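All values below come from the heavy atoms of this structure, side chains included, with hydrogens, waters and symmetry mates left out. Nothing here was measured: the structure is a model prediction, and the numbers come from that model.
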Amino acid sequence: MKKILSLGVLILAGLWVAGIVFFGRAANIKVDDQIAELNNVLLEHTLPVSITKHSYESGFLSSQSRIQLIIDRENSDALTVDVDLDIYHGPLMLTPNGLKLGAYYIAFTPDMAALLDDKKDAKEFLDGFAERKPLSGDFLLGLLGGQSFGLALAPFSFTEDGQSVSLDSGIVGAFSSNDDFSRLKSTVKLGALSIEDGGEALTIDIAASTLTMNITEFYAGSMLTGELEYTLDSVVTKAKGLEHRVDGIALHSTSDKNNAGLYGNANFVMRSISSDDDNFNAMFSEPLNFRLDINYEGLNEQAIREFADINQMLNRQMYADLLSDKEVSDLTTLSEENIETYMLAIAALVEQGFKFDYGFTLGKGDASSGFKLALDWVDAGGLMDKKTLREVLVAFQADVKANLDKAFFGGTDFEEMAQMPVMMGYAVATEQGIESHALFNRGELLLNGKPVPYLDKIGPALDVELPWAK
């Protein structure tokens, strides 16, 4: 039995050593491959950035490397940023962040001070991080595929001319994905942020917050299907002796797909909105709450992918212009042609079966006021098939409701003003306050049950060709 155990230990040790040697060599090859791949991507997207390997020192358990990011700029010299890599060889690695199992693990640290041309500015920048590494990250390649990576911005505090900004606990992000980045999970924790302007007697305190994502289908930098959630405890602003605060901020979004296309929903909530301001308290007398809801269904998946491609292209063009240090007047991102392409991509999303609901409510105790829109594209042809505004108007249905509770204006200076929509026929008075209801059905409009002859007011514009019809 002892011989068998001894032999097993020797075999395991041999496999471990062989694995270290294999993955150590593979790590060097992988660094070269990834640099080549990244340069191809940067060139393909015309970004003024290139990457080179400055050095590589191979070791048994780990290796060290330095790569350089070179950013070409139009109005100044090229910017070079050194990035130091500590590469740990798999399959079993003891790293500063604990024991890791994988092909290899890379901890990297970019020289952020190199982004500042002036040495004095660079020193002040580093002093703000109190001898911490401003930015650091890590990357783990799994033995059987998949990868995980992390980024961390260190806590900082900067003060100048009576103004200060500080970030407690920094920002820490952890991400994991499959090999082709079509799936992504992440958790990003943001520390409390404080901004102060002594000259204006202004402070802004943003509490710590968390962003989590579970993207089950990721394409061109956009979430096709998955779930996103963001939570923030509070934002407090103090100005000229008055405090204004928002508590319980939350954003939640989900999306999925079926045979009819993509569908999903999102909601944004502010649980409490309050202020010390006398005018605010005279109008509302108690904290407000706010909720926004969006629902959609029937989005054509191929159209969404094409829209994501265009959106990503515009974003990359913007990044290229900014990295090139161009003057604002030279930026081409929002050219007329780009805007037109972007709008056409949005129009292509609307086809039969597309439904969109939007609504928000502002609450005060048991009372609430708000707005709701329900839109349904019912025509067999899509929006891009329509040549004129007249054809568009007979292709969809819409239900619009708005209400204002008397608790928001009763007994205030706004009471008479709130009655103006009623006197003009746009709204009706109810026991709770005032409300308005518009129904649009394939070109026919009813406002509070009465037909509205709006077509005559639009006139010749009804038959003007739409941009995509030309």
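When every heavy atom of Arg271 is checked against every heavy atom of Asn289, the shortest pair comes out as O-CB, 3.2 Å. Considering all non-hydrogen atoms of both residues, Trp468 and Met384 come closest at CD1-O, 3.3 Å. In plain terms, the two heavy atoms of Phe149 and Ser177 that are nearest each other are CE2-OG, 4.3 Å. For the residue pair Asp233 and Ala207, the shortest heavy atom distance occurs at CB-CB, 4.0 Å. Considering all non-hydrogen atoms of both residues, Gly146 and Leu141 come closest at O-CD1, 3.7 Å. Thr225 and Leu262 make their closest contact through CG2-CD2, 4.1 Å (heavy atoms, listed as atom of the first residue, atom of the second, distance).
Sorted by first then second residue, the side chain to side chain donor-acceptor pair (under 3.5 Å) pairs that include residues 347-360, not counting sequence neighbours, are Asn300-Glu351.
Remark: Asp379 engages Lys386 in a salt bridge (charged side-chain N to carboxylate O under 4.0 Å, His left out) (not counting sequence neighbours). For Phe307, the ring pair (Phe, Tyr, Trp, His ring centres under 6.0 Å) partners are Tyr342, not counting sequence neighbours.
Between the side chain of Ser369 and the backbone N or O of Asp405, at least one donor-acceptor pair lies under 3.5 Å. Without hydrogens or angle criteria, Gln312 side chain to Ala308 main chain gives no donor-acceptor distance under 3.5 Å. A donor-acceptor contact shorter than 3.5 Å links the side chain of Asn448 to the backbone of Tyr426. Side-chain atoms of Gln147 come within 3.5 Å of backbone atoms of Asn178 as a donor-acceptor pair (strictly under, hydrogens ignored). Remark: side-chain polar atoms of Lys364 are paired, donor with acceptor, to backbone N or O of Phe284 under 3.5 angstrom. Not a single donor-acceptor pair under 3.5 Å links the side chain of Asp247 to the backbone N or O of Ser234. Between the side chain of Asp277 and the main chain of Phe280, a donor-acceptor pair closer than 3.5 Å is present. Between the side chain of Asp205 and the backbone N or O of Val236 there is no donor-acceptor pair closer than 3.5 Å. No donor-acceptor distance shorter than 3.5 angstrom exists from the side chain of Thr237 to the backbone of Ile204, with no hydrogens or angles considered. Panel note: side chain Asn403, backbone Gly433; no donor-acceptor pair is recorded below 3.5 Å.
Contact annotation: the side chain of Leu455 never approaches that of Lys457 to less than 4.5 Å [non-hydrogen atoms, C-beta and beyond]. Using a 4.5 Å heavy-atom cutoff, the side chains of Phe108 and Ile67 are not in contact. Contact annotation: the side chain of Ile206 approaches that of Leu232 to within less than 4.5 Å [non-hydrogen atoms, C-beta and beyond]. At least one side-chain heavy atom of His437 sits under 4.5 Å from a side-chain heavy atom of Asp399. Side-chain contact between His244 and Ser274: absent, with no pair of heavy atoms (C-beta onward) separated by less than 4.5 Å. Between Arg291 and Asn267 the shortest side-chain heavy-atom distance falls below 4.5 Å. You'll find the side chain of Leu135 stays beyond 4.5 Å of the side chain of Thr109, heavy atoms only.
Around atom CE of Met423, more than 12 heavy atoms belonging to other residues, nucleotides or ligands sit under 6.0 Å away. Heavy atoms of other residues, nucleotides or ligands lying less than 6.0 angstrom from NZ of Lys185 number 12 at most. Atom CG of Asn258 sits in a crowded spot, with more than 12 heavy atoms from other residues, nucleotides or ligands closer than 6.0 Å.
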- request: Let me see the working for Asp376 and Phe354 under side chain to side chain contact (heavy atoms under 4.5 Å, CB included), right down to the final yes or no.
  value: CA-CA 6 Å; Asp376 188 357; Phe354 171 69; over 6 Å; no
message: Set out, in order, the CA-CA distance, both residues' side-chain angles and the distance that settles side chain to side chain contact (heavy atoms under 4.5 Å, CB included) for Arg183 and Ile215, then state yes or no.
response: CA-CA 6 Å; Arg183 301 172 70 91; Ile215 301 177; over 6 Å; no
query: How far apart are the C-alpha atoms of Phe158 and Phe129, what are their side-chain angles, what is the distance that settles it, and do they pass the ring pair (Phe, Tyr, Trp, His ring centres under 6.0 Å) test?
result: CA-CA 8 Å; Phe158 297 102; Phe129 288 92; 5.8 Å; yes
field: Chi angles and distances behind the side-chain hydrogen bond (donor to acceptor under 3.5 Å, both in side chains) call for Asn97, Thr95
entry: CA-CA 5 Å; Asn97 292 323; Thr95 76; 5.2 Å; no
task: Test Leu299 against Tyr263 for side chain to side chain contact (heavy atoms under 4.5 Å, CB included), laying out the working first.
output: CA-CA 7 Å; Leu299 278 177; Tyr263 65 92; over 6 Å; no
- prompt: Taking it one step at a time, do Arg305 and Glu217 satisfy salt bridge (Lys or Arg N to Asp or Glu O under 4.0 Å)?
  reply: CA-CA 11 Å; Arg305 290 178 180 272; Glu217 191 164 1; 2.4 Å; yes
task: May I have the step-by-step check of side-chain hydrogen bond (donor to acceptor under 3.5 Å, both in side chains) for Asn441 and Gln397, ending in yes or no?
output: CA-CA 5 Å; Asn441 183 19; Gln397 298 172 333; 2.9 Å; yes
- request: Under the side chain to side chain contact (heavy atoms under 4.5 Å, CB included) rule, what do Val269 and Ile249 come out as? Steps first, then yes or no, please.
  value: CA-CA 6 Å; Val269 175; Ile249 301 170; over 6 Å; no
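If you take CE on Met420 and CD1 on Ile434, they are separated by 11.0 Å, rounding to the nearest 0.5 Å. The distance from atom CG of Asp138 to atom CG of Leu85, rounded to the nearest 0.5 Å, is 12.0 Å. The structure places CD1 of Ile294 at 10.0 Å from CG of Asn265, a figure rounded to the nearest 0.5 Å. How far CG of Leu153 is from NZ of Lys133: 14.5 Å, rounded to the nearest 0.5 Å. Leu393 CG to Ile458 CD1: the interatomic distance, rounded to the nearest 0.5 Å, is 6.0 Å. To the nearest 0.5 angstrom, Leu190 atom CG is 4.5 Å from Ile171 atom CD1.
Among Val188, Thr187, Leu228, the single residue meeting the side-chain contact (heavy atoms from CB on, under 4.5 Å) criterion with Thr212 is Thr187.
A salt bridge does not link Glu444 with Arg442: every distance from a Lys NZ or Arg NE/NH1/NH2 to an Asp or Glu carboxylate oxygen is 4.0 Å or more. Salt-bridge formation is detected for the pair Lys257/Glu301: a Lys NZ or Arg NE/NH1/NH2 atom is positioned less than 4.0 Å from an Asp or Glu carboxylate oxygen.
In this structure, Phe139 and Tyr104 have tilted ring planes: the angle between them lies in the 30° to 60° band. Classification of the Phe440-Phe396 ring pair by plane angle, with boundaries at 30° and 60°, yields parallel.
With no hydrogens or angles considered, a side-chain donor-acceptor pair links Ser209 and Tyr230 at under 3.5 Å.
Aromatic ring centroids of Phe356 and Tyr296 lie 6.0 Å or more apart.
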